[in-house]
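Report on the following structure.
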Amino acid sequence: VNTRSLFSIDPITGIATKVLDFVGVKGVMGLAIDKDGNFYLADFVADSHIYLLDMGTQVATPILDTGLARVHNIAFKSPN
């Protein structure tokens with residue numbers, strides 16, 4: 001991921017291929033994927049939010065106001 005787009009990387013060649021451009025969010029800094037394959041984004045702004053990314057429409061919908069400034073990354077905690 002970069003601030004505006006999602007890429008896939010070929011593990012053999014290392015070549016990055018753009019998958020999509022984000023709609024509805026700017027300044028993406030973090031990406032997490034849950035166990036069900038849902039994509040979540042964090043934006044790097046003064047009032048950061050977490051977004052759910054719809055892979056079909058490319059639209060990022062805000063689902064959480066973090067209350068933090070400039071969130072760099074996000075991750076899921078394993079239950080164990």
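Computed from a prediction, not measured in an experiment: that's the story for all the values here.
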Decide yes or no on side chain to side chain contact (heavy atoms under 4.5 Å, CB included) for D65 and D47, but give the supporting numbers first. CA-CA 8 Å; D65 180 345; D47 183 22; 3.0 Å; yes
Of all the heavy-atom pairs spanning S8 and V19, show the shortest one and how long it is. N-CG2, 3.6 Å
Can you list everything that forms a side chain to side chain contact (heavy atoms under 4.5 Å, CB included) with T57? Sequence neighbours excluded, please. D54, V59
Any pair with a residue in residues 43-69 that passes ring pair (Phe, Tyr, Trp, His ring centres under 6.0 Å), sequence neighbours left out, goes on the list, sorted by first then second residue, please. F44-H72
Mind checking whether L41 and I63 sit in one hydrophobic cluster, side chains of I, L, V, M, F, W, Y counted as touching below 4.5 Å? no
Just to verify, what does N38 make a side-chain hydrogen bond (donor to acceptor under 3.5 Å, both in side chains) with, not counting sequence neighbours? D34
Once rounded to the nearest 0.5 Å, what's the spacing between atom CG of L52 and atom CG of L64? 12.0 Å
Yes or no on side chain to side chain contact (heavy atoms under 4.5 Å, CB included) for Y40 and L53, after CA distance, side-chain angles and deciding distance? CA-CA 6 Å; Y40 298 86; L53 177 63; over 6 Å; no
Any donor-acceptor pair under 3.5 Å linking the side chain of S48 with the backbone of T66? no
My understanding is that a hydrophobic cluster links ILVMFWY residues whose side chain heavy atoms are under 4.5 Å apart, including indirect links. Using that, what else belongs to the cluster containing I12? none
Value rounded to 0.5 Å, distance of CG in D10 from CD1 in I15: 6.5 Å
Pair up each side-chain donor or acceptor in residues 21-32 with any protein partner under 3.5 Å, not counting sequence neighbours, and list the distances.
from	atom 1	to	atom 2	distance (Å)
D21	OD1	S5	OG	2.5
D21	OD1	K18	NZ	3.2

